[in-house]
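This report refers to the structure that appears directly beneath it.
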Amino acid sequence: MAPSHDVWLEVVEVDPAFRGVVLGVGPGGAALLLQNPGDSHELSDPATGALHEHVVFHINSADAAYDAAQCVWHGTFKLRDEGPSGHGDSAPFTLRFSRVPVRSQAESPLPATGDFDQSGTTDLGDWPAFAECLAGTAQSPAPNEPALTTCEIDCLNAFDFDDDLDVDLADYAGFQRAAGN
Ligand SMILES: [Ca+2]
Ligand SMILES: [Ca+2]
Ligand SMILES: [Ca+2]
């Protein structure tokens, strides 16, 4: 990147307990934390324009707001140019982190089965979870039923039959086919 660029990473919004950490650059060599809207850090070396900083993303289980039942943490950021090149801000982009493995991202992914309750069959017993997971085309599932799941990845792993990261009417057709087997 040209020296006229001076690129900063700025927090738009992050989930509670999620933060970016840059080691050794805060006061007295402390870690700089990116955890509140507007927090930012210069990524580029002003002399060369090279992007030389590395941000580590961290879910802080010691934070009072940490929710052990949460399965995906979101951090939305934008890039800002403070150099003479003066580019406008980037569109906000969201990073997602999870401890739950995503089936479709496995090395040899198995297809979705719809057998949410792992009973060995896909049938009406899996329907309440499907209904909870159904969110529509290109929407992230937002299950909010603790007795079933509050984890969108559980939804995708069981019901995203076409592996496009949503649970919609196309997946409903897949669920019906699976339940017919
Ligand atoms: Ca089942
Ligand atoms: Ca879809
Ligand atoms: Ca889908």
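Not measured: the values here are computed from a predicted model. Just so you know, these numbers use all the heavy atoms, side chains as well, and skip hydrogens, waters and symmetry mates. Counting starts at 1 for both ligands and their atoms, in listed order.
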Exercise for the section: Flag Asp117 as yes if one of its N/O/S atoms falls below 3.0 Å of the Ca ion (ligand 1), otherwise no. Expected result: yes
Practice task
Could you verify whether a donor N or O on one side chain and an acceptor N or O on the other, from His74 and Asp15, lie under 3.5 Å apart?
Solution key: yes
Handout entry: the Ca ion (ligand 3) contact by Asp163, N, O or S atom under 3.0 Å
Key = no
Exercise for the section: Show the numbers, then the answer: is there a ring pair (Phe, Tyr, Trp, His ring centres under 6.0 Å) between Phe130 and Phe116? Expected result: CA-CA 8 Å; Phe130 185 90; Phe116 187 88; over 10 Å; no
Handout entry: Pair Asp163-Ser104, side-chain donor/acceptor within less than 3.5 Å
Key = no
Fill in the blank from the handout: Per residue Asp160, nearest N, O or S atom to the Ca ion (ligand 3) is named OD1
Exercise for the section: Please check if the side chain of Asp164 supplies one atom and the backbone of Ala138 the other of a donor-acceptor pair under 3.5 Å. Expected result: no
Exercise for the section: Provide the atom name of the closest N, O or S atom of Asp171 relative to the Ca ion (ligand 3). Expected result: OD2
Completion exercise
Heavy atoms of Cys71 and Glu152 approach each other most closely as SG-N, 3.8 Å
Problem - Vertex the Ca ion (ligand 1), rays to O in Thr121 and OD1 in Asp126 - rounded to 10° - result: 130°
Exercise for the section: Check whether more than 12 heavy atoms from other residues, nucleotides or ligands sit under 6.0 Å from atom CD of Glu13, and answer yes or no. Expected result: no
Exercise for the section: Measure from the Ca ion (ligand 1) to every N/O/S atom of Asp115 and report the name of the nearest one. Expected result: OD1
Practice task
Give a rough value, rounded to 10 degrees, for the angle at the Ca ion (ligand 2) between atoms OD2 of Asp164 and OD2 of Asp166.
Solution key: 100°
Practice task
Tell me which N, O or S atom of Asp162 sits nearest to the Ca ion (ligand 3).
Solution key: OD1
Problem - Phe77 CZ to Thr94 OG1 distance, which is reported to the nearest 0.5 Å - result: 9.0 Å
Problem - Ser119 backbone or side-chain N/O/S under 3.0 Å from the Ca ion (ligand 1) - result: yes
Problem - Under 3.0 Å: N/O/S of Gln118 next to the Ca ion (ligand 1) - result: no
Handout entry: Val11 to Gln35 - nearest heavy-atom pair and separation
Key = CG2-N, 4.2 Å
Practice task
May I ask you to check if any N/O/S atom from Asp168 comes under 3.0 Å of the Ca ion (ligand 3)?
Solution key: no
